[in-house]
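Structure first, then comments.
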Number of protein chains: 2
Amino acid sequence: MKDYFNKIDNFIKSLDKETLDLLDNISTIREFKKNDYLLKHGSICQNSFLIKQGTVRKYHLFNGKEITTQLLFENEIAVAFNSYTLQVPSNEIIQALSNTIVLQTNYTLFQKAKKNNPKLLQLDLMITEYYTLWLENRFIEFQTLNATQRYLHLLQKHHKVIKTVPLTIIASYLGISLETLSRIRANI
Amino acid sequence: MKDYFNKIDNFIKSLDKETLDLLDNISTIREFKKNDYLLKHGSICQNSFLIKQGTVRKYHLFNGKEITTQLLFENEIAVAFNSYTLQVPSNEIIQALSNTIVLQTNYTLFQKAKKNNPKLLQLDLMITEYYTLWLENRFIEFQTLNATQRYLHLLQKHHKVIKTVPLTIIASYLGISLETLSRIRANI
DNA sequence: CGTGCACTTGATTGAAGTCAAGCGCTGTGG
DNA sequence: CCACAGCGCTTGACTTCAATCAAGTGCACG
C-alpha cells in the first residue's frame, strides 16, 4: 500500500515535461474554508481534489445520520468515486475539516487529456488501483475487527487525526456510535 | 453499475482486430472441477479469470473462519485484487463452486501488452473501476443494512445463487453466522 | 445401514445501539 | 461582565441484534 503510494509518486516525478504541462493546464489551485463543501449532495463530481494542505472528509447521509466514508490528508486525492466515474449526481458529500488548499482537476478535461496521452491513462489506473486497495483494506477491517480494534488501528495509522477531528466524525468513520467511541476511549 | 458493465462490453466489441488478437495471445481457456482452487492461499495471483461458465467464490480465512468476499458468475472477472495488483502472496483464495470454464489472462503478459496498446490500458482501467464501484456498493450495504435486509438484497440481485450455493457460504458472504441466516430464512 | 454434511431450532450471551441526563467549555448578546 | 445557549464529550440504564453453544433432523451416498 505505502509502497504503491511511492510508486505513483515516482511515476509522476518521471513524467516528461509535455505530460506535466498537460496536467497543469487542466488543474487549478483552490482554497476552502473549514466546513466548506468541495462537493454537495446531488451534484455531479466534476473534479478530483488533490489535497495540498488541510483535512477533508467524505460522507453520506443515511436515516438522517452522517456516515463518514473517508478521511483525507495532504497528498491524498478526494473524489466521490461513484459520481466521478459515472458522472451522476452524488450521494457522497465532500467537506473541508480545516482550511484547505487543493489542486483541482476537471473530469472532462482529464478524460480528453487521457485520450492523447497513455501516460495519463496509466496514472489514472494507478490512482484508481490505490483507492481500491485502500477500500478493500477498510472493508476487511470491518469484517474482522471489533470497534475497539478498529479505533486502535486508526490511532496507530493517523494519531494526528484524533487531535483535530471531532469524535462524532471519528465515530461515524469507525461505524460506531459516539457513545461507544467515548466508552472505548475511557477504557484506554 | 449495470450500465457500466454494458459500457465495458461495448468497448470490447469495438476493439480492432489487432488488439483482440493481442488479448487472445495472452489468454487461455481453462477448466476447473467443483471445489478446485483457481488461486491458493499464499500464492501470487498471476492471472485474472473471466468466467465463461460456472460459479466461483473468493474468500479468506480469519480466526479459522472462512469469510467469503465475493461470489462470481458468468462474464465476471475473478481476481485477488491485492495480490494481483501488487504481485504479492495472496490472503484471498479463489475457488470453483461448480465445474467451471474460465478464460485466464496472465498478469505479466497483460502488463506488457498494455505498454504498447493504450486500448488495453483503458480496458484495464474500466474493469478496475467496475470492481471499485461494486466494492463501494457492497461496503455501503454493510454500513446501512441489517442482516435481513442484506439477505433480501442478495436474493433480489442473484436469486439463482441461493439454489446452488450452500448456506454456509452465503452466510459468510453476508457477514453473519449460518444460524442467523437460517433464522432469517425461517421468517421468510 | 450408518456416517457425515447441510441445515434448523432453542437457550444463553455479548457487543454495541439507543435514550437520557449531565458536565465543562466557548462565545455571544443583554 | 455575567448569563445562558450550544457544542463536544461523558456516563448510566436499558434494549436489541446477532453470535455462540448445543442438540437435533433429514438426506445423500459409500
Side-chain angles (χ1 to χ4, degrees), chain A residues 33-36 55 57 59-68 71 95-99 138-155 159-188, chain B residues 33-36 55 57 59-68 71 95-99 138-155 159-188:
Chain A
K33 293 274 170 219
K34 183 173 177 174
N35 296 328
D36 278 357
T55 310
R57 71 159 168 155
Y59 70 98
H60 59 257
L61 295 168
F62 185 78
N63 285 157
K65 271 184 299 190
E66 294 181 357
I67 300 180
T68 300
L71 296 167
Q95 185 184 30
L97 292 179
S98 66
N99 292 343
R138 176 155 157 78
F139 188 49
I140 289 170
E141 271 190 32
F142 265 78
Q143 285 181 315
T144 56
L145 305 183
N146 66 22
T148 306
Q149 292 169 324
R150 292 205 297 277
Y151 176 68
L152 291 174
H153 202 248
L154 178 65
L155 263 192
H159 56 102
K160 50 178 177 172
V161 182
I162 313 312
K163 282 153 195 160
T164 50
V165 180
L167 289 197
T168 314
I169 289 175
I170 293 173
S172 94
Y173 179 72
L174 294 172
I176 61 181
S177 68
L178 171 62
E179 294 93 325
T180 298
L181 179 55
S182 184
R183 279 184 254 268
I184 287 170
R185 286 158 57 89
N187 301 327
I188 298 162
Chain B
K33 293 274 171 218
K34 183 175 177 172
N35 296 328
D36 277 358
T55 309
R57 71 159 169 155
Y59 70 98
H60 59 257
L61 295 167
F62 184 78
N63 284 157
K65 269 183 300 188
E66 294 182 357
I67 299 180
T68 300
L71 295 168
Q95 186 184 30
L97 292 179
S98 66
N99 292 343
R138 177 156 156 80
F139 188 48
I140 289 170
E141 270 188 34
F142 265 78
Q143 285 179 316
T144 57
L145 305 183
N146 66 23
T148 307
Q149 293 169 324
R150 292 205 296 279
Y151 176 67
L152 290 174
H153 201 249
L154 178 65
L155 263 193
H159 57 101
K160 51 178 177 173
V161 181
I162 312 313
K163 283 153 193 162
T164 50
V165 180
L167 289 196
T168 314
I169 290 175
I170 294 173
S172 93
Y173 179 73
L174 294 172
I176 61 182
S177 69
L178 171 62
E179 294 93 325
T180 297
L181 179 56
S182 185
R183 280 185 254 269
I184 286 170
R185 286 159 55 91
N187 302 325
I188 301 164

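Here is the naming used below: chain letters follow the sequence lines, and residue numbers restart at 1 for every chain.
Separating the CD1 atom of B:Ile184 from the P atom of C:dT9 is a distance of 14 Å, rounded to the nearest angstrom. Rounded to whole Å, atom C1' of D:dA18 lies 13 Å from atom CZ of B:Phe142. Here the C1' atom of nucleotide D:dA18 and the OH atom of B:Tyr151 are 17 Å apart, to the nearest Å. Atom P of nucleotide C:dG17 and atom NZ of A:Lys65 are separated by 8 Å, given to the nearest angstrom. Atom pair A:Leu181:CG and D:dG8:P shows a separation of 14 Å (rounding to whole Å applied). To the nearest angstrom, C1' of C:dA16 lies 17 Å from CZ of A:Arg185. Residue A:Leu145 contributes atom CG, which lies 11 Å from atom P of C:dA16 at whole-angstrom precision. Spacing between atom CG of A:Asn35 and atom P of D:dC7 amounts to 12 Å, rounded to whole angstrom units.
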Between protein and nucleotides 12-14 of chain D, what N or O pairs are separated by less than 3.5 Å?
from, atom 1, to, atom 2, distance (Å)
D:dG12, N7, A:Arg183, NH1, 2.8
D:dG12, O6, A:Arg183, NH2, 3.3
D:dA13, N6, A:Arg183, NH2, 3.4

Identify all pairs in which a protein N or O lies below 3.5 Å from an N or O of nucleotides 27-30 of chain D, and state each distance.
none

Between the protein and nucleotides 13-15 of chain C, which nitrogen or oxygen pairs come in under 3.5 angstrom?
none

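The side chain to side chain donor-acceptor pair (under 3.5 Å) contacts involving residues 141-151 of chain B comprise B:Glu141-B:His153, B:Tyr151-B:Arg185, where partners must be two or more places apart or lie in separate chains.
For the pair B:Gln95 (side chain) and B:Asp36 (backbone), a donor-acceptor distance under 3.5 Å is absent.
For B:Lys163, the side-chain contact (heavy atoms from CB on, under 4.5 Å) partners two or more places apart in sequence, or in a different chain, are B:His159. A:Phe62 meets the ring pair (Phe, Tyr, Trp, His ring centres under 6.0 Å) test with no other residue; sequence neighbours excluded. Residues forming a side-chain contact (heavy atoms from CB on, under 4.5 Å) with A:Thr168 (at least two apart in sequence, or on another chain): A:Leu178. When the side-chain contact (heavy atoms from CB on, under 4.5 Å) test is applied to B:Lys160, the partners found at least two apart in sequence or on another chain are B:Phe73, B:His158. For A:Ser172, the side-chain hydrogen bond (donor to acceptor under 3.5 Å, both in side chains) test picks out A:Thr68, with sequence neighbours left out. Residues satisfying the side-chain hydrogen bond (donor to acceptor under 3.5 Å, both in side chains) criterion with B:Thr180, sequence neighbours excluded, are B:Ser177.
Here the two rings, on B:Tyr173 and B:Tyr59, have centers that are 6.0 Å apart or farther.
Atom CG of residue B:Leu97 and atom CD1 of residue B:Ile169 lie 5.0 Å apart, to the nearest 0.5 angstrom.
Residue A:Thr180 places no side-chain N or O under 4.0 Å from the OP1 or OP2 atom of C:dA16.
Listed in residue order, the members of residues 166-176 of chain B having a heavy atom less than 4.0 Å from DNA chain C are B:Pro166, B:Leu167, B:Thr168.
Rounded to 10 degrees, the angle separating the terminal axes of the helix from C:dC1-D:dG30 to C:dG30-D:dC1 is 20°, with each axis obtained from five end pairs.
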